[in-house]
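Notes to accompany the following structure.
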Amino acid sequence: MTATQIPARVPTPTPTPVGYGSIPRKEDARFVRGRGSFVDDVQLPGMLYGAVLRSPYAHARIVSVDISAAEVHPKVRAVITGDMLDKRGMAWMPTLFGDVQAVLATDKVRFQGQEVAFVVAEDHYAARDALSLIEVEYEPLPALVDAKLALAPDAPLIRDDLDGRTDNHVFDWSAGNKAATDDAFATADVVAECEILYPRVHPAPMETCGAIASLDRVSGKLTVYATSQAPHAHRTMYAQVTGLPEHKIQIIAGDIGGGFGNKVAIYPAYVCAIVGSILTGCPVKWTEDRSENLMSTAFARDFHMHGEIAATSDGKILALRANVLADLGAFNGTAQPTKFPAGFFHMFTGSYDIAAAHCEVRSVHTNKAPGGVAYSCSFRIAEASYLLERMVDVLAHDLGMDPAQLRMRNLLRPEQFPYTCATGWEYDSGDYPTTLRLALEMAGYDELRREQAARREGGGDAPLMGIGLSFFTEAVGAGPRKMMDILGLGMADGAELRLHPTGKAVLRLSCMSQGQGHATTFAQIVSQELGISPDDIEVVEGDTDQTPFGLGTYGSRSTAVSGGAAVVVARKVRDRARIVAAAMLEALPDDLEWAEGRWQVKGVPSTGKAIAEIATAAHSGLELPEGVEGHLDATTVYNPPNLTYPYGAYVCVVDVDPGTGQVKVRRFVAVDDCGVRINPMIVEGQIHGGLADGVGMALMELMAFDANGNHLGASFMDYLLPTSMECPSWELGQTVSPSPHHPIGAKGIGESATVGSPAAVVNAVLDAIGVRHADMPLTPAHVWRAMQGRALRTDVALE
Amino acid sequence: MQVPAQFEYERASSVEHAIALLARHGPEARVLAGGHSLIPMMKLRLAEPETLIDINDLSELAEIEVQGDELCIGAMARHADLLASEVAGSHYPILHDAEHVIADPVVRNRGTVGGSVCQADPSEDLSAAFAAIQATAVIQGADGTRTVSMREFFTGPYDTVVGPAELLVQLRVPIHPDGGSAYVKVERRVGDWPVAAVGAALRLGRRNKITDAGIGMTAVGAAHFVAAEAEAYLRGKPATEEHFAKAGEIAAAHCNPSADQRGPVDYKRHLAGELTRRALRGAAERAMARAV
Ligand SMILES: Cc1cc2nc3c(=O)[nH]c(=O)nc-3n(C[C@H](O)[C@H](O)[C@H](O)COP(=O)(O)OP(=O)(O)OC[C@H]3O[C@@H](n4cnc5c(N)ncnc54)[C@H](O)[C@@H]3O)c2cc1C
């Protein structure tokens with residue numbers, strides 16, 4: 001059959017233009033019609049439903065678990081306990097950071113909400129009913145909730161499951177040059193210190209976590225439909241946990257309703273669903289409810305930080321020191337590259353030219369849920385950036401300097417790039433002063449300061465006005481295989497690109513969209529490289545049987561790593577297309593040039609062959625040079641040479657009601673530099689979401705615990721997320737500093753705004769009320785108490 | 001997934017029918033109005049009623065109208081109905097102030113006035129508003145109707161005088177042409193329950209002398225949602241900032257807030273005073289505007 005005989009389908013009336021630009025998202029057609037397919041939408045024949053019995057105690061010994069009444073419930077098909085798993089060697093599973101975590105508790109429960117038993121029943125209702133038929137006898141133990149007391153001699157020992165453990169200490173880790181830092185501090189004119197808490201927060205995706213496990217007893221194949229940001233890593237982990245051979249495990253992550261790091265880990269109930277399927281021979285679905293999500297799945301942050309900054313009296317920053325106490329919860333389940341126990345926290349010199357820096361991180365267990373690195377934090381750069389941007393304001397406060405001026409004085413200069421910071425990170429590109437200037441201009445900074453001065457003159461009941469700045473730099477796109485792995489899996493990403501005979505393409509990637517618009521962005525990347533419309537490129541992700549290996553989507557790594565892979569694989573196809581085109585034109589490949597999406601004889605546009613024609617020829621009987629196979633496809637594995645370093649300058653303006661402490665975010669200006677923007681609309685969407693996240697963390701998201709370890713933020717009535725009413729109309733700007741080592745100069749943008757914005761909001765509120773420091777979240781109560789000079793601890797129950 | 005325990009369901013076709021169903025199914029039956037408090041509690045299995053008696057068909061309970069010199073609000077009026085009601089807003093702007101800040105539009109479209117006060121949550125906004133304007137509850141049982149002042153309606157947290165085989169059918173409020181009213185609330189976020197909220201209703205006589213004052217407070221542990229001592233202080237005094245501030249101090253001193261993650265005790269007490277002052281100021285401004 002020749003090309004002309006292939007029946008043409010109804011053509012798209014106006015094809016989407018080739019290449020980059022703000023085109024509508026391809027995936028939205030199904031989302032806006034309610035036709036997405038999330039885990040809970042999947043219905044399999046004979047499917048059963050799971051429910052988890054959870055511990056009401058934060059710390060208790062399990063005396064007995066009696067399941068006899070639940071087992072005889074007419075609709076219950078299996079009840080699984082820790083002891084039953086123990087017999088299969090599955091009571092414990094590895095965490096993402098080399099610790100172990102209980103699948104179902106056998107000896108003790110170590111946080112409120114921990115998994116104790118799992119019921120498999122014919123419907124959701126019966127599964128929940130049966131939970132109340134399980135009798136667990138607990139012997140309550142004192143709970144350890146305050147990380148600062150974790151190493152006290154009388155602290156209850158949480159991890160007595162580990163041989164030789166005598167205290168709650170997990171690790172000590174440090175980075176930077178201690179001696180140089182000490183020297184700089186000793187001779188500095190000014191030293192500013194501050195205790196800063198980045199409270200425990202939760203990613204709280206709209207879709208909670210869930211899984212369907214289906215073991216085919218005949219083929220021995222296990223299929224897991226899961227809310228997974230990292231399907232390939234999950235497959236390998238399931239192989240380790242269950243002992244099933246990896247080629248008999250297929251993970252299918254369909255549509256995902258937000259991840260933000262919450263869906264990187266494997267949760268105990270997923271393993272229970274697998275065991276439930278093994279026991280019953282039926283598919284078992286488990287979907288958690290909102291409270292389960294907030295109580296038991298990966299939290300984020302929980303860094304108690306002591307910052308110190310040394311400077312000259314005219315505001316030149318000389319050195320930086322940080323001492324961190326990290327609360328990891330009951331198990332160390334942090335998700336980050338193995339060689340970095342505190343993530344990338346040590347990139348804490350941020351955007352400034354700081355000659356000496358040293359940080360120490362000590363981590364401890366408490367009776368709280370495990371997790372740690374999650375929620376759009378770029379592996380703890382969120383914590384680092386917040387600490388630094390607060391410390392710069394504290395220094396400005398102590399020096400009586402304008403915070404914008406202080407930042408401008410210390411920002412890295414363009415000629416310093418590529419720049420290696422005091423703790424060894426090599427920043428790729430940037431022009432920081434230009435970006436800050438643009439943000440200040442857009443905000444009308446000087447005018448704002450004049451308005452603020454006039455308001456302060458006025459006094460009275462009128463709102464207090466505050467202006468807050470933040471300038472952040474992230475390191476994203478983990479990462480170079482030599483440096484970065486998770487559980488031994490190197491962080492390079494595969495990609496496969498196949499062109500069909502009609503010139504339509506399928507791109508298969510290892511990463512996994514959770515709302516970031518991968519189907520569009522990655523189609524545009526290939527479109528740009530091959531000169532075909534994004535309409536003609538299908539992006540496939542999430543099904544491990546259909547996609548190449550790679551580590552998934554988190555840490556803003558998709559465009560930086562899988563995006564690089566997409567470019568490289570498209571260029572491989574383009575190079576193959578050149579050979580085919582040369583055969584078509586009876587020319588030598590070297591005589592051809594790529595111009596306007598076609599291969600043509602150099603200088604002769606009329607000879608041009610578009611990719612679609614070349615694809616048809618590549619599948620035809622056309623004679624190709626010796627050694628050149630037919631068809632038009634390619635694979636690659638992209639191992640990023642370095643991380644990319646997006647950055648941005650943010651300005652926030654707030655009004656604070658002095659009588660009530662209520663904060664209104666009046667304006668927010670965000671100038672981001674994420675290198676080349678593939679789909680600017682999607683980039684702006686990512687920024688909008690991240691800015692809202694920042695407003696949430698700064699002002700309302702609160703996961704405190706009372707003295708007994710009760711979780712005080714276990715529903716959306718208590719764990720508040722911002723709505724459009726709390727968010728101003730974002731004012732966005734951009735500068736573009738392409739990454740020199742990324743094939744198209746793109747940097748990640750997924751987490752920038754979440755990392756950069758909380759400090760701007762907090763700085764604005766504290767500027768308004770004239771207070772040096774108070775911790776997030778700045779709820780009305782916390783603001784009011786800070787105004788009284790009696791700032792509250794925000795991580796414990798209020799009195 | 002959160003799912004409720006098993007329950008029976010009945011749909012009432014009239015007030016009498018609803019009362020008969022309640023009597024027949026006994027104390028484990030519950031009335032279902034908007035369901036925005038009851039259903040979440042059932043899903044969390046904090047409530048496991050044996051039978052739900054759905055009263056959503058009783059459109060005769062959804063009227064908002066003036067009868068004689070009273071504003072009458074049916075128990076099944078939705079929050080959104082009250083917010084949209086011109087007649088309610090013109091006589092008692094406090095009700096519109098409150099409804100603007102109760103929950104979100106989705107909840108307001110479904111949640112009812114009657115359900116709100118029958119839920120008797122100690123942070124309920126309308127309880128404070130109705131206490132301030134000295135409303136009366138009309139309660140119907142097998143033996144007919146009885147009326148109870150909203151200031152005697154609540155017998156404790158989540159508990160009211162409405163008996164197991166009774167229905168709240170209406171709230172009635174006297175209309176005062178010389179009155180003004182306002183409601184102010186501090187919430188951590190739009191749609192959140194109040195950290196504290198205060199409603200005030202003032203009637204002003206000659207030279208802005210306060211002839212009657214009603215102050216309702218919620219979420220601060222005020223007995224019956226009322227700041228009785230502050231009300232007594234204000235009666236007979238001119239409506240001035242100074243008196244409002246003093247009334248705020250009195251209200252703050254007499255309430256009994258408890259700490260939770262919305263705020264510590266001292267802050268909530270401070271708010272009781274601050275919001276009392278603001279609500280009184282708003283009420284007085286409106287009363288004066290009407291007098292002009
Ligand atoms: C997200 C959210 C936010 C909210 N925020 C606020 C807020 O900020 N401020 C606030 O004040 N409220 C708030 N609410 C509560 C809201 O106002 C509820 O709708 C209201 O409390 C209950 O009304 P309902 O009609 O839904 O009652 P239902 O849930 O149907 O019933 C509540 C109780 O009252 C009983 N009942 C109902 N009607 C009658 C009747 N006529 N006679 C006798 N008993 C009856 C029921 O049996 C049940 O026990 C919020 C609710 C939600 C879900």
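Letters A, B, ... mirror the listed sequences (proteins, then strands); counts begin at 1.
Annotation for Pro264(B) and Ala781(A): closest pair CD-CB, 3.7 Å, computed over non-hydrogen atoms. Closest of all the heavy-atom pairs between Ala5(B) and Asp129(A) is CA-OD1, 4.2 Å. Between Val3(B) and His124(A), the shortest heavy-atom contact is CG2-O, 3.8 Å.
Looking at Tyr267(B), its side chain does come within 3.5 Å of a backbone N or O of Thr660(A) through a donor-acceptor pair. Proximity of a side-chain donor or acceptor of Gln261(B) to a complementary backbone N or O of Leu798(A) within less than 3.5 Å is detected.
Looking at Leu792(A), the atoms closer than 4.5 Å to chain B (heavy atoms on both sides) all sit in the side chain, from C-beta outward. In this structure, chain A has heavy atoms under 4.5 Å from both the backbone and the side chain of Val190(B). Contact annotation for Pro777(A): neither backbone nor side-chain heavy atoms come within less than 4.5 Å of a heavy atom of chain B. At a 4.5 Å heavy-atom cutoff, the contact between Pro4(B) and chain A is made by backbone and side-chain atoms alike. At a 4.5 Å heavy-atom cutoff, the contact between Asp260(B) and chain A is made by backbone atoms alone. For a residue to count as touching a neighbouring chain, one of its non-hydrogen atoms must lie under 4.5 Å from one of that chain's; by this rule Asp461(A) touches chain B with the side chain only. With a 4.5 angstrom heavy-atom cutoff, Arg278(B) touches chain A only via side-chain atoms. With a 4.5 Å cut-off on non-hydrogen atoms, Leu702(A) touches chain B through its side chain but not through its backbone. Contact of Glu274(B) with chain A is made through the side chain alone, with heavy-atom distances under 4.5 Å. For Val695(A), no part lies under 4.5 angstrom from a heavy atom of chain B. Contact of Asp266(B) with chain A is made through backbone and side chain together, with heavy-atom distances under 4.5 Å.
In this structure, the side chains of Tyr125(A) and Gln6(B) stay at 4.5 Å or more apart for every pair of heavy atoms. Contact of the Gln2(B) side chain with the Ser291(A) side chain is registered, since non-hydrogen atoms from C-beta on lie closer than 4.5 Å. Inter-residue side-chain proximity for Arg128(A) and Arg45(B) is flagged as met; some heavy-atom pair is nearer than 4.5 Å.
Counting heavy atoms of neighbouring residues, nucleotides and ligands inside a 6.0 Å radius, atom CD of Gln788(A) exceeds 12 of them. Counting heavy atoms of neighbouring residues, nucleotides and ligands inside a 6.0 Å radius, atom NZ of Lys246(B) does not exceed 12 of them. Shown here is Glu241(B), whose CD atom has more than 12 heavy atoms of other residues, nucleotides or ligands within 6.0 Å.
Per-residue counts of heavy-atom pairs under 4.5 Å with chain B were compared for Glu288(A), Glu799(A), Met700(A), Met725(A); the largest is that of Glu799(A). Considering only heavy-atom pairs separated by less than 4.5 Å from chain B, the leading option among Ala797(A), Pro722(A), Ala51(A), Ser132(A) is Ala797(A). Between chain A and the options Arg188(B), Lys43(B), Arg262(B), heavy-atom pairs under 4.5 Å are most frequent for Arg188(B). In terms of non-hydrogen atom pairs under 4.5 Å with chain B, the most contact-rich of Thr779(A), Thr723(A), Thr794(A) is Thr723(A). Heavy-atom pairs under 4.5 Å with chain B were tallied for Asp718(A), Asp657(A), Thr208(A), Asp706(A); the largest tally goes to Asp657(A).
The NE2 atom of His270(B) sits 12.0 Å away from atom CZ of Arg785(A), with the distance rounded to the nearest 0.5 Å.
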